[in-house]
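Right, one structure below, let's go through it.
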Amino acid sequence: TIVTPKKIGENQYQIDADSNLGMKVPVRIYANEGLLEKMLTDRTIMQARNVSSIPGIVGHSVVLPDGHEGYGFPVGGVAAMDAEEGMISPGGVGYDINCGVRLLRSNLTEDLVRSKLKDIVTDLFSSIPSGVGSKGAVKLSHSELDEVLVNGVNWAIDHGYGSTNDSDVCEENGQIKNADPNKVSDKARKRGAPQLGSLGSGNHFLEIQKVAEIHNQEAAEKMGIKEGTITVLVHCGSRGFGHQVCSDYLRVAEQAMSKYDISLPDRELACVPNTSEEGESYRKAMFAALNFAWSNRQMITHWTRKSFERVFNQSESDLDMKLVYDVAHNIAKVEKHKVNGKERKLVVHRKGATRAFPANRDEIPSKYRHLGQPVLVPGSMGTASWILLGQPNSMDLSFGSTAHGAGRTMSRSKARRNYTENDVKKSLNDKGIFIKALTRDGVVEETPQAYKDVDAVVDVSHNLGIATKVAKLVPIGVIKG
Ligand code: 5GP
Ligand code: MN
Ligand code: MN
């Protein structure tokens, strides 16, 4: 059935709950007309409607401005479930558990980095393992992998890949509690162990950027971001490890659903009660994957700093290569939210969605707490990316969340049909962007035209007071797996 979302305010659309369709709450979409129109061309909105029928869902099923269709749940979506009576779902987190982004700043200027752009991109490309089956530089024994899964970013820091200044500015300080390696299959371990410290492929990247615009001086200063200086954005997740955890627990959930009398419009929504044995096990395994990803991004950060030290012949501290923030965009965890004036504990599923908490939430690192949580929104290798700041309206509108990117608008196969490697490289080169990628298809599938307009996505978030602009970053060098 086709339903047209009704406009309920500027950049806000809703589909009312229809109990005949099993919907328990409305669907809320944050988008401008163009972004909404695009969403209506695929299954995005239908998927968000399906999500609204999951038992225990609270408030509304959220689609953010970068929303597009995904496995069961849309990417760019938020689903909050009552922690006692609601469900937890592997598909609501996604396959790449704790896929996320982190931003490093520096005091290097654009001119200086451009003068050695090929050197730095080449050095980064050779020192950071990338590609589909890429292996990291470390060999982990069974017990060492357990330590990674429990200690998260602190495993990497304890092994010389950074300092506690880094963990201070990660979501969950880069180490979520109550991860349990015993809930992880041998298959996940086998896939994951060799891959720690690798970027992966396709949409995962490392990007050298310049700070093009400052929109919030106070916040930019707190983050150490200055116009004209160079930043590095890293995007990757938990590799084959998280993928296998997701696969394993999708199967567990599919099999357990009848036992809990759950029936849903799409089997890809497979879920189990949050407090059930299966729910607990998934959460503990998923948390292990969160920790894997934080350790992974930390190792890549270390090698990035070493590359810059080599190429610019200065130390990491001279270069002021501090971590600004690290945030997950595929995650589910219990948080306190006010619903109709009453505080409740909810399992907030963010799939292709970034936490965007306003000032004074305890979860925000102390240096940023009075301002709001930094939010990182990548765009594409040929357009902008944004630093935002979480704002109060995010709590009522989107369970403290905003977009995680521009969002894909063109399939990988269509990109391959429409563009060649030379087209893409040439148009990047014309913009002064140097790319090194492992595969030809990787370049073509990631063409900037394959993504929506990140500035439009960010405007929606900004105008609604969900997360507001701090700085605009533009790429000058990119590594793609
Ligand atoms: P996802 O996690 O959904 O794969 O990707 C997150 C977002 O990253 C995408 O929606 C897209 O907007 C953005 N993105 C993909 N490739 C690049 C890139 O090379 N550079 C930047 N800055 N953003 C990218
Ligand atoms: Mn991602
Ligand atoms: Mn990913």
Side-chain angles (χ1 to χ4, degrees), residues 35 38 44 64-71 73-77 93-103 121 130 132 195 198-210 212 231-243 246 289-290 292-293 296-297 300 326-331 350-354 375-387 402-412 415 424-425 428 431 433-438 442-458 471-481:
L35 293 166
K38 175 68 199 168
T44 313
L64 295 161
D66 56 337
H68 58 92
E69 65 178 47
Y71 182 90
F73 295 64
V75 176
V93 173
Y95 277 98
D96 192 3
I97 297 167
N98 194 4
C99 193
V101 273
R102 56 165 52 190
L103 184 75
V121 171
S130 67
V132 182
Q195 294 185 335
S198 66
L199 197 59
S201 64
N203 51 334
H204 301 120
F205 62 85
L206 184 148
E207 187 172 279
I208 303 173
Q209 314 167 312
K210 76 160 177 188
T231 54
V232 177
L233 189 65
V234 178
H235 174 227
C236 65
S238 53
R239 309 284 287 106
F241 183 84
H243 194 280
C246 180
L290 296 178
F292 184 99
N296 193 28
R297 287 198 287 276
I300 290 169
D326 175 306
V327 71
H329 54 228
N330 283 356
I331 188 168
R350 295 192 179 92
K351 180 184 188 180
T354 309
V375 171
L376 306 170
V377 183
S380 80
M381 62 184 176
T383 58
S385 296
W386 286 87
I387 309 174
T402 193
H404 85 307
R408 205 164 245 285
T409 183
M410 186 190 291
S411 69
R412 291 179 178 279
V424 179
K425 282 195 167 165
L428 290 177
K431 292 185 195 163
I433 303 163
F434 180 66
I435 179 176
K436 250 182 123 57
L438 206 63
V443 178
V444 176
E445 291 171 3
E446 290 298 313
T447 183
Q449 291 93 331
Y451 290 101
K452 298 186 222 188
D453 177 359
V454 71
D455 298 344
V457 167
V458 164
K472 180 178 180 170
L473 314 170
V474 297
I476 66 170
V478 189
I479 289 178
K480 284 272 189 184

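Order of listing sets the numbers, starting from 1, for every ligand and every atom in it.
Nearest protein heavy-atom neighbour of atom 20 (N) of ligand 1: E207 OE1, 2.6 Å. The protein heavy-atom contact nearest to atom 24 (C) of ligand 1 is F205 CE2, 3.3 Å. Nearest to atom 4 (O) of ligand 1 among the protein's heavy atoms is N203 ND2, 2.3 Å. Here the protein heavy atom with the shortest distance to atom 9 (C) of ligand 1 is Y451 CE2, 3.5 Å.
Side-chain contact between Y71 and C246: absent, with no pair of heavy atoms (C-beta onward) separated by less than 4.5 Å. Between V75 and K351, the closest side-chain pair of non-hydrogen atoms falls below 4.5 Å. The shortest distance between side-chain heavy atoms of L473 and L233 does not fall below 4.5 Å. No side-chain heavy atom of L376 sits less than 4.5 Å from a side-chain heavy atom of T354. Taking 4.5 Å as the limit, some side-chain heavy atom of E69 sits within range of a side-chain heavy atom of T44. With contacts defined as side-chain heavy-atom distances shorter than 4.5 Å, the pair R408/E446 qualifies. Taking the side chain as every heavy atom from C-beta outward, H204 and C99 approach each other to under 4.5 Å. When side chains are defined from C-beta on, L64 does not count as touching R350, because their heavy atoms never get closer than 4.5 Å.
Put simply, part of G407 is less than 4.0 Å from ligand 1, judged by heavy atoms.
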key: Trace of the side chain to side chain contact (heavy atoms under 4.5 Å, CB included) decision for V232 with L206   = CA-CA 7 Å; V232 177; L206 184 148; 3.8 Å; yes
inquiry  = side chain to side chain contact (heavy atoms under 4.5 Å, CB included), that's the test. Do V424 and M381 meet it? Break it down for me.
reply    = CA-CA 10 Å; V424 179; M381 62 184 176; 3.8 Å; yes
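Look at C99 and the Mn ion (ligand 2): an N/O/S atom of the residue is under 2.8 Å from the metal. For the Mn ion (ligand 2), the set of nearby N, O or S atoms under 2.8 Å includes one belonging to H235. The Mn ion (ligand 2) has H329 among its coordinating residues (N/O/S atom, backbone or side chain, under 2.8 Å).
With P378, S380, G382 as candidates, the residue nearest to atom 8 (O) of ligand 1 on a non-hydrogen basis is P378. For atom 12 (O) of ligand 1, the choice among A437, G405, G379, G70 with the nearest heavy atom turns out to be G379.
Of all atoms in ligand 1, numbered sequentially from 1 with element shown, those under 4.0 Å from a heavy atom of E446 are 15 (C), 16 (N). Within the listing of ligand 1, atoms 16 (N), 17 (C), 18 (C), 19 (O) sit less than 4.0 angstrom from a heavy atom of K480.
The N/O atoms of A406, backbone and side chain alike, include one that comes under 3.5 Å of an N/O atom in ligand 1. For ligand 1, the polar-atom distance check finds an N/O of H235 within less than 3.5 Å of one of the ligand's N/O atoms. Note: no N/O pair closer than 3.5 Å links V478 and ligand 1 by distance alone. On a distance-only criterion, H404 and ligand 1 share at least one N/O pair closer than 3.5 Å. The distance criterion of under 3.5 Å between nitrogen or oxygen atoms is met by H329 with respect to ligand 1.
Under 4.0 Å from ligand 1, not a single heavy atom of K452 appears. Contacts between H204 and ligand 1 below 4.0 angstrom, taking non-hydrogen atoms only, are absent altogether. Only the side chain of S385 comes within 4.0 Å of ligand 1, counting heavy atoms alone; its backbone N, CA, C and O stay farther away. With a 4.0 Å cut-off on non-hydrogen atoms, M381 touches ligand 1 through its backbone as well as its side chain.
Between the side chain of K452 and the backbone N or O of V457, no donor-acceptor pair lies under 3.5 Å. D453 places no side-chain N or O within donor-acceptor distance of the main-chain N or O of A406, the cut-off being under 3.5 Å.
Draw a line from the Mn ion (ligand 3) to OD2 of D96 and another to NE2 of H204, and the angle between them is 90° (to 10°).
In this structure, the ring of H235 has its center less than 6.0 angstrom from the ring center of H329.
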